[in-house]
Structure formats: C-alpha cells, structure tokens
Amino acid sequence: MLSGFSLAVLLLATRTTGQSCLCSTLLPAGLKVNCSSLNLMQLPHLPSDIKELYAQDNRLTSVSPGLFDRLVGLEKVSLSGNPFHCDCRIQYLRNWLLKNRAILSKEPTCASPSSVAQKAVTELSDYFFSSCAPAGCTGGTYNTVMGVMLCCLVVLLLWSLRLARMSTITLYINERHSGFEADLLHSLKPKHRRRLHNVLSEDNSYSVIYTEDVEKQLINMELLPQVLDVLYKKHNIKIKAT
C-alpha cells in the first residue's frame, strides 16, 4: 500500500504546479503516477516508491538534474510527446535514458534546436555536449574561479623564485664552542714528527740523534678567502665569526 508520506509529498507537488496527477497503487507495493496531457512545464517532486510514471504529451523542455536518481524502483516510464529543447540542459536526461532504455515505452525526441529536431534524445553524441561545463558547475563562474586560482598559483611561484634568489645564508661560528675551536686550531697547526738516526762516529761508535720533521700544513690558508668569496657570490652563503 502507498504510504501516507508519499501521498502527502505528491499532493504538495501537484498543488505547487497547479496541476493534479492521477495516482494509484500497484501490488504488491509501489505507485503508479499519471501526469500525462496536463500541460506541465516541469515535473513535480515525485515519491521514491514510484513503479510507473506517465508524463507524455506535456510541455516539458528538460528534466531537472537528479530528478530520477531517487526513483530506483521505476519499471516503466513514458516521456514522449514533449517539446524537449536539446542543449546542455538535456544532458542529464540523455545520460539517464541511456542507462534505462529497457523501461522506456517510447523514445522521447528533440523539438529544438532545428539542427537536432525530431532526433531521439538518446541519439545525441558525447561530442554534442563537448562544449558544456562539467556537471554541478556553471560555465562562467567555474571558469572565473579556475582562472583566478591559476593566476594566484603563478604569482606565488614567481615570488618564491625571486625570494630564493635574493636570500642570503649566513653561517655564524661562535668561539664559545671550544671543542670546535680546538679541533679547528689543531688541524691548522703544523705537526712535528721525531725520527731516530744512528750515526757512526770516527771512533767506530754509534750515537743516537733525534730529528724533527715538520709535516706539511693540511689546509692552504691562502685559498680560504677565495673559497669564502666564491660561496658568497655564487651561493649567497656568508661565514662569519662571532
């Protein structure tokens, strides 16, 4: 049996449009709604438990997107005899009809524009809708928002690149870090190494002589200013002692 809620919804919808659709129950459960030949310019809000819908011979030019999505129990639909205007607004109905051809009693056709007049709505190709905006977005607003977002992204990238080029990295070496200072000074100090020599004297006796060799300095300090200058000019890196 038809629920009271479904009847209330349908009555409210028909009063809003000024027309009255004929309703009857189908066994075991469901609803048959006849809205044909009522000069309707749009379909009313329909209950979800409809099994059969007859809306032929009205003045429908399109169907609101999502109108049939809730009607999962539909077993028969008639929409023929309506002057459908086949532009971007008919895309939802065309896609829905392609998925539900088995329940159509007769294929609805386009009345306008003249280029597709008398052509079945389901025969409209994907190319016909190629210029339409994505579903759920109006063309002007969507394109404007996307354009503004793209411009903001480009400006942000350019600003980041300019900031990276102008930035300078400064390394401060604090003398309080005694461990670092000791290791640094130790590496710069010349190292001495003792060598043992046996020398034969004139009286055929041997004597031991220790000599010290100064190892070569590990770092050429004359190159250090040049290295620092290259780091600053090429990479904007400064090294300062504090």
Side-chain angles (χ1 to χ4, degrees), residues 1-139 142:
M1 296 296 293
L2 179 65
S3 65
F5 176 76
S6 299
L7 282 174
V9 170
L10 188 59
L11 287 174
L12 178 61
T14 54
R15 286 180 182 178
T16 302
T17 60
Q19 304 293 337
S20 298
C21 298
L22 299 178
C23 307
S24 58
T25 57
L26 294 174
L27 297 178
L31 178 67
K32 175 183 176 180
V33 177
N34 187 356
C35 297
S36 60
S37 303
L38 295 178
N39 289 324
L40 295 177
M41 299 185 65
Q42 63 179 6
L43 288 174
H45 184 78
L46 302 170
S48 59
D49 54 351
I50 291 180
K51 294 292 185 180
E52 297 182 7
L53 173 64
Y54 299 92
Q56 68 273 14
D57 301 323
N58 283 290
R59 298 169 59 190
L60 302 175
T61 57
S62 63
V63 173
S64 301
L67 180 65
F68 293 145
D69 293 346
R70 300 180 303 104
L71 311 181
V72 294
L74 273 176
E75 298 176 353
K76 186 179 293 185
V77 177
S78 178
L79 296 171
S80 61
N82 286 287
F84 287 111
H85 181 70
C86 294
D87 57 3
C88 291
R89 292 173 297 177
I90 208 69
Q91 186 176 13
Y92 165 75
L93 178 61
R94 175 257 191 182
N95 294 339
W96 186 88
L97 291 175
L98 287 175
K99 297 176 182 178
N100 297 275
R101 274 182 167 177
I103 64 175
L104 288 176
S105 58
K106 187 178 180 180
E107 288 272 1
T109 59
C110 302
S112 59
S114 58
S115 58
V116 292
Q118 304 305 317
K119 188 173 185 178
V121 176
T122 54
E123 293 179 2
L124 299 175
S125 64
D126 291 335
Y127 179 77
F128 182 81
F129 300 102
S130 60
S131 60
C132 300
C137 298
T138 56
Y142 177 79

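Throughout, numbering of the chain's residues begins at 1 and tracks the sequence.
No side-chain donor-acceptor contact under 3.5 Å links D49 to the backbone of G73. For N82 (side chain) and L79 (main-chain N/O), a donor-acceptor pair under 3.5 Å exists by modelled atom type. Between the side chain of D87 and the main chain of R89, a donor-acceptor pair closer than 3.5 Å is present. At least one donor-acceptor pair under 3.5 Å links the side chain of N34 to the backbone N or O of S36. Of the possible donor and acceptor atoms, none in the side chain of N39 sits under 3.5 Å from a partner among the backbone N and O of N58. Looking only at distances, no side-chain donor or acceptor of D57 sits under 3.5 Å from a matching main-chain atom of S37.
Listed here is the closest heavy atom pair of C86 and P113: O-CD, 3.4 Å. When all heavy atoms are compared, the tightest approach of L71 to S48 is CD2-CA, 3.8 Å. For Y92 against D69, the heavy-atom pair with the smallest separation is OH-OD1, 2.9 Å. Minimum interatomic distance between L31 and S24 (heavy atoms only, all atoms of both residues): CD1-O, 3.3 Å.
Of the inter-residue distances, the one linking H85 atom NE2 with S62 atom OG reads 9.0 Å to the nearest 0.5 angstrom. Of the inter-residue distances, the one linking L104 atom CG with K76 atom NZ reads 12.0 Å to the nearest 0.5 angstrom. Distance CZ/F128 to CD1/I90: 9.5 Å, rounded to 0.5 Å. For the atom pair NZ (K32) and CD1 (I50), the distance works out to 12.5 Å, reported to the nearest 0.5 Å. In this structure, CD on E52 lies 7.0 Å from CD on E75, to the nearest 0.5 angstrom.
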Give the C-alpha distance, both sets of side-chain angles, the deciding distance and a yes or no for side-chain contact (heavy atoms from CB on, under 4.5 Å) between L53 and L46.
CA-CA 9 Å; L53 173 64; L46 302 170; 3.7 Å; yes
Assess whether side-chain contact (heavy atoms from CB on, under 4.5 Å) is satisfied between V121 and T109, documenting all intermediate values.
CA-CA 5 Å; V121 176; T109 59; 5.8 Å; no
Can you check side-chain contact (heavy atoms from CB on, under 4.5 Å) on V116 and F84, steps first, answer last?
CA-CA 11 Å; V116 292; F84 287 111; over 6 Å; no
Salt bridge (charged side-chain N to carboxylate O under 4.0 Å, His left out) assessment of E123 paired with R94
CA-CA 8 Å; E123 293 179 2; R94 175 257 191 182; over 6 Å; no
Let me see the working for N100 and F68 under side-chain contact (heavy atoms from CB on, under 4.5 Å), right down to the final yes or no.
CA-CA 11 Å; N100 297 275; F68 293 145; over 6 Å; no
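Between E107 and S80, the closest side-chain pair of non-hydrogen atoms is not below 4.5 Å. Side-chain atoms of P83 and S112, non-hydrogen and from C-beta on, never get closer than 4.5 Å to each other. Inter-residue side-chain proximity for M41 and L60 is flagged as unmet; no heavy-atom pair is nearer than 4.5 Å.
Between the side chains of Q56 and Y54, no donor-acceptor pair of N or O atoms lies under 3.5 Å. Between the side chains of S64 and Q42, no donor N or O sits under 3.5 Å from an acceptor N or O.
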